[in-house]
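Keep in mind that what you see is a predicted model, and the values were worked out from it rather than measured. If you read the sequence from its start, that first residue is 1, and numbering goes on from there.
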Amino acid sequence: MAADPPITGIRPILTVVHGNGERLIVARLTNLGGGSQSNRFVLRRADFRAPWEQPEKGYFGYAEVARALDANGWRGCAIEAMATTDLEERRARQLARKKLHLQCVEAAIRRAQEAGAQEAGAQGAE
């Protein structure tokens with residue numbers, strides 16, 4: 001099995017907009033030669049600092065981005081694909097936006113189910 005090429009940079013592809021106007025950048029990791037690591041992302045503020053602690057492995061997958069947004073109060077945020085003139089890259093960014101949106105919906109459903117289970121457990125304990 002071949003080892004993954006070394007990570008050499010990031011390529012911003014999405015913007016996540018909070019209801020208060022704050023923005024986060026979702027950037028795809030790139031390797032030597034500029035190729036993208038399709039399911040490896042980092043979250044950054046506009047100044048490229050991490051908004052909160054990043055995973056030990058150094059990157060997020062779609063579901064991990066969604067859970068991190070949900071856990072840090074970014075519920076109901078808008079997800080926007082960044083503009084590009086490259087048609088293939090535009091298609092990839094729109095697909096990434098849809099995938100992240102679906103993961104955010106799943107994270108919200110999971111949170112609501114867990115809250116409901118906790119309430120039911122608390123009522124059963126009374």
Side-chain angles (χ1 to χ4, degrees):
M1 185 174 359
D4 287 336
I7 301 301
T8 59
I10 61 173
R11 177 178 298 144
I13 61 167
L14 302 173
T15 303
V16 181
V17 185
H18 193 279
N20 66 9
E22 186 178 355
R23 292 176 172 269
L24 290 180
I25 297 167
V26 178
R28 185 171 276 149
L29 297 179
T30 59
N31 55 31
L32 195 59
S36 291
Q37 299 286 313
S38 62
N39 294 322
R40 295 179 179 181
F41 306 97
V42 292
L43 288 167
R44 297 290 184 255
R45 291 189 170 106
D47 61 5
F48 285 98
R49 289 183 302 128
W52 47 76
E53 191 172 321
Q54 303 291 291
E56 266 186 48
K57 61 187 173 186
Y59 60 87
F60 293 97
Y62 284 107
E64 293 164 318
V65 170
R67 285 192 299 269
L69 290 170
D70 188 71
N72 288 284
W74 283 69
R75 300 176 188 123
C77 57
I79 303 168
E80 303 170 350
M82 291 183 158
T84 181
T85 57
D86 182 310
L87 294 177
E88 188 63 26
E89 181 64 20
R90 184 179 308 156
R91 184 195 65 75
R93 290 177 185 192
Q94 288 298 330
L95 181 59
R97 186 185 66 76
K98 289 177 184 179
K99 287 181 176 180
L100 182 54
H101 174 76
L102 289 173
Q103 291 294 331
C104 286
V105 169
E106 287 183 21
I109 291 169
R110 195 171 19 251
R111 179 179 28 84
Q113 288 172 337
E114 289 170 359
Q118 287 176 352
E119 283 181 20
Q123 288 177 355
E126 291 177 0

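- Between Arg11 and Glu89 there is a side-chain heavy-atom pair separated by less than 4.5 Å.
- Considering only heavy atoms from C-beta on, Met82 stays 4.5 Å or farther from Ile13 through its side chain.
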Item to complete: May I have the step-by-step check of side-chain contact (heavy atoms from CB on, under 4.5 Å) for Leu24 and Arg44, ending in yes or no?
Response: CA-CA 6 Å; Leu24 290 180; Arg44 297 290 184 255; over 6 Å; no
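- What you find for His18 and Gly73 is that their closest heavy atoms are NE2-O, 3.0 Å.
- The side chain to side chain contact (heavy atoms under 4.5 Å, CB included) with Arg97 is formed by just one residue from the set Lys99, Gln94, Arg93; it is Gln94.
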Worksheet item: What's the verdict on side-chain contact (heavy atoms from CB on, under 4.5 Å) for Arg67 and Gln103, showing C-alpha distance, side-chain angles and the deciding distance?
Response: CA-CA 8 Å; Arg67 285 192 299 269; Gln103 291 294 331; 5.7 Å; no
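- Contact of the Ile10 side chain with the Thr30 side chain is not registered, since no non-hydrogen atoms from C-beta on lie closer than 4.5 Å.
- Hydrophobic clustering (side-chain heavy atoms under 4.5 Å, transitive across Ile, Leu, Val, Met, Phe, Trp, Tyr) groups Trp52 together with Phe41.
- Using a 4.0 Å cut-off between charged side-chain N and carboxylate O, Glu114 and Arg110 make no salt bridge.
- Note on Arg45 versus Asp47: no salt bridge recorded, every NZ/NE/NH1/NH2 to OD/OE distance being 4.0 Å or above.
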Fill in: Derivation and outcome, side-chain contact (heavy atoms from CB on, under 4.5 Å), residues Val16 and Trp74
CA-CA 9 Å; Val16 181; Trp74 283 69; 3.8 Å; yes
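- Proximity of Cys104 to Tyr62: side-chain heavy atoms (C-beta onward) are nowhere separated by under 4.5 Å.
- The same ILVMFWY cluster, assembled from side-chain heavy atoms under 4.5 Å apart, contains both Phe48 and Leu29.
- Residues satisfying the side-chain hydrogen bond (donor to acceptor under 3.5 Å, both in side chains) test with Glu106, not counting sequence neighbours, are none.
- Tyr59 is not listed as a side-chain neighbour of Leu43, based on a closest heavy-atom distance of 4.5 Å or more.
- You'll find the side chain of Phe60 stays beyond 4.5 Å of the side chain of Val26, heavy atoms only.
- Side-chain N or O atoms of Asn72 include one that pairs as donor or acceptor with a backbone N or O of Ala68 at under 3.5 Å.
- Here the side chains of Leu14 and Ile25 are not in contact, with every heavy-atom distance at 4.5 Å or above.
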Worksheet entry | Derivation of the side-chain contact (heavy atoms from CB on, under 4.5 Å) call for Thr15 and Glu80 | CA-CA 5 Å; Thr15 303; Glu80 303 170 350; 4.3 Å; yes
